[in-house]
Amino acid sequence: MSEPLLDVRDLDVFLPTRSGPVHVLDGVSFSVDAARTTGLIGESGSGKTMAAMAIIGLLPAGAVTRGQLWWRSEDLLAVSSRRRRQVRGREIAMIFQDPLASLNPGQTVGRQVTEIPRRDGMGRAELARTATHLLDRVGIPDPAQRTGNYPHQFSGGQRQRAMTALALAGQPQLILADEPTTALDVTVQARILDLLRHLRDTEHTAMLLVSHDLRVMAHVADDLVVMYAGRVCERGPAQAVLREPRHPYTKALVASVPAVRARTAIADPLPGSPADPAHRPAGCAFHPRCPLAVLRCRVERPTVREVAPGRWTACHLAEADGLPDAAEVRP
Amino acid sequence: MNDAGLTVRGLRVSFGGSRGMFGRGGRPAVAAVAGVDLDVAAGEIVAVVGESGSGKTTVARCVVGLVTPDDGTLSYDDVPLGSTRSRPPAIQRAIQMVFQDPRSSLNPRMTAGAIVREAWQAHPAAAPSGDQDAAVRNLLAEVGLDASVAGRRPSALSGGQCQRVSIARALALRPRLLVCDEAVSALDVSVQAQILRLLSDVRRDHGLSMLFISHDLGVVRQIADRVVVMRSGEVVEQAPAEDLFTRPTHPYTRALLDAALDLEGAAS
């Protein structure tokens, strides 16, 4: 196996609040391999967006970070702020959920997607060619004409493509995409997901995809990291994790996704709501909602361990061949 | 009275339209809903699906009286709903809405108990004759909330709890039709199933009808009896849910179903 491109090790993030610092990321470890898409999935309060922000270095003011963020051979938490800015946008780029809020409404799309080469001193004629080429790469028809348009002249899906073009302009090795299709209609979403897959296959760009949507993950992610209340509960190859979860939380998430192509009954819901990192339950943070929880889960915090090759889980009860039935655990 | 339920005929709504400055750059009015016929029988759950701009939310807003249609008729059990401003109180009470974002649709300054009680101030005819506090506790219990929630404000509740309070407030008026506009879309998936279960129980226990607006075809397949597909303000297809999902007839319905993602069958 090759070295991972990005290796997140024991990452802790504390955010200041009126009632004191909140430990929003608690010992998070995972890695992103080159030319693969890693999905970071979780519900509200899971810390998935915080993890992406910590990686790109855009945490809110006053946030305190501990741990290591290995970007090839350097720890991004230890480098100078100058080096950090160099990495951001060029080596690691980001695509946000709402492209309308992240694009400048007063500048043409062509100018915005070439911001980085312009700062590098590229000449005017070549900038125009680059802008056209970038829009073409993300599948915008008639790209030469469209470079002169403003964001409001683009549809929602085209704006997300333009954001992706902007991210590609710095020739990044890693793209962080935070809920890139959540605000889009299904038919548009499907095309943007195809584009992201195409970029992985043709440009070998690694991607860290942050989403709450398991269906999106099932279609795009190669590897999956499942987060709950600021901790990792499971990680491994995406299809294996979705087919045979090794954590009861993942299992419940999978069961709660309604199918379109088959008739399914409404799932047996988990009780309660996702845990708030400010009031994280003792032991395993998921235990109050877990159908398998035993005494140990309430008192002992599980470590993330490898139960089968490539399959990591933070469940005390998981074994190499899967999870026990509720009846076995609590007869 | 009969039990024809909701009947919508020839509904038309247009938005915008301006003459423009100095007579230039004016825009014609855009038809958000361009002639929609729709029925929701008593006890039936009818889903309206479509992408943004399809007009599905505008139809819902006409039914609850938040938008005044340009043309068309709306009636419940053959009683005309009347214009938006002069709806008879009994009709207003009979049709209640549950919104997408439970947090922003609840008054942040009021406790959950006060939010439920406020419904009775607006509609004294629906107020319980006896102990209102006990009636509030019963309603909260019915939607799966502990009595202690009555004293808490929306900011101290989770998204799922807020949506339960919205449903309790609607049920306080003993409605006949519940209009749910993306009522589970903003919720975490592990909470979504709780609210779908609750809506399904409420329908069974109260014999309610529901107009269920959603963009999530998976959720619609789980809860709806019949599905109406809208595109650009028009109904392109309507059918019993199983027929629509297994034998869609309109090309647009097929395109929507093809684009929808499932966990199974995903390419690796």
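Bear in mind that the values here come from a model prediction, so they are computed numbers and not experimental data. Any value given below was found using the heavy atoms of this structure, including those in side chains, with hydrogens, waters and symmetry copies removed. To find a chain, count down the sequence lines: A is the first, B the second, and so on, and within it residues start at 1.
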- Nearest heavy-atom pair of A193(B) and I266(A): which atoms, and what distance? O-CG2, 3.7 Å
- Item | Neighbours of chain A found in residues 234-255 of chain B - heavy atoms under 4.5 Å | E242(B), F245(B), A255(B)
- Strictly by modelled atom types, are T187(A) and E51(B) linked by a side-chain donor-acceptor pair under 3.5 Å? yes
- Message: Need one label for P237(A): side chain, backbone, both or neither, based on atoms under 4.5 Å from any heavy atom in chain B.
- Response: neither
- Query: How about S190(B) and P269(A): do any of their side-chain heavy atoms sit closer than 4.5 Å?
  - Reply: no
- Message: Quick check on R289(A) against chain B: is it the side chain, the backbone, both or neither that has a heavy atom closer than 4.5 Å?
- Response: side chain
- Task: With a 4.5 angstrom heavy-atom cut-off, could you sort out which part of D268(A) is near chain B: side chain, backbone, both or neither?
- Result: both
- Between A265(A), G272(A), A262(A), which residue shows the highest count of heavy-atom pairs closer than 4.5 Å to chain B? A262(A)
- Task: Answer yes if the side chains of S256(A) and Q192(B) hold a donor-acceptor pair under 3.5 Å, and no otherwise.
- Result: no
- Query: side chain to side chain donor-acceptor pair (under 3.5 Å) with E234(A): which residues, sequence neighbours excluded?
  - Reply: T250(A), R311(A)
- Looking at E43(A), M217(A), Q189(A), H212(A), which makes the most heavy-atom pairs under 4.5 Å with chain B? E43(A)
- Residue pair L214(A) / V189(B), side-chain heavy-atom distance below 4.5 Å: no
- Task: Measure the CZ-CG distance between R215(A) and D262(B) for me, rounded to the nearest 0.5 Å.
- Result: 7.5 Å
- Query: In residues 197-224 of chain B, which residues are in contact with chain A at a heavy-atom separation under 4.5 Å?
  - Reply: R197(B), S200(B), D216(B), L217(B), G218(B), V219(B), R221(B), Q222(B)
- Item | Under 4.5 Å from a heavy atom of chain B, the part of L193(A) involved | side chain
For residues 55-62 of chain B, tabulate all N or O donor-acceptor pairs below 3.5 Å that involve a side-chain atom, not counting sequence neighbours.
unit_1: K56(B); atom_1: NZ; unit_2: G50(B); atom_2: O; d: 3.0
unit_1: T57(B); atom_1: OG1; unit_2: D181(B); atom_2: OD1; d: 3.4

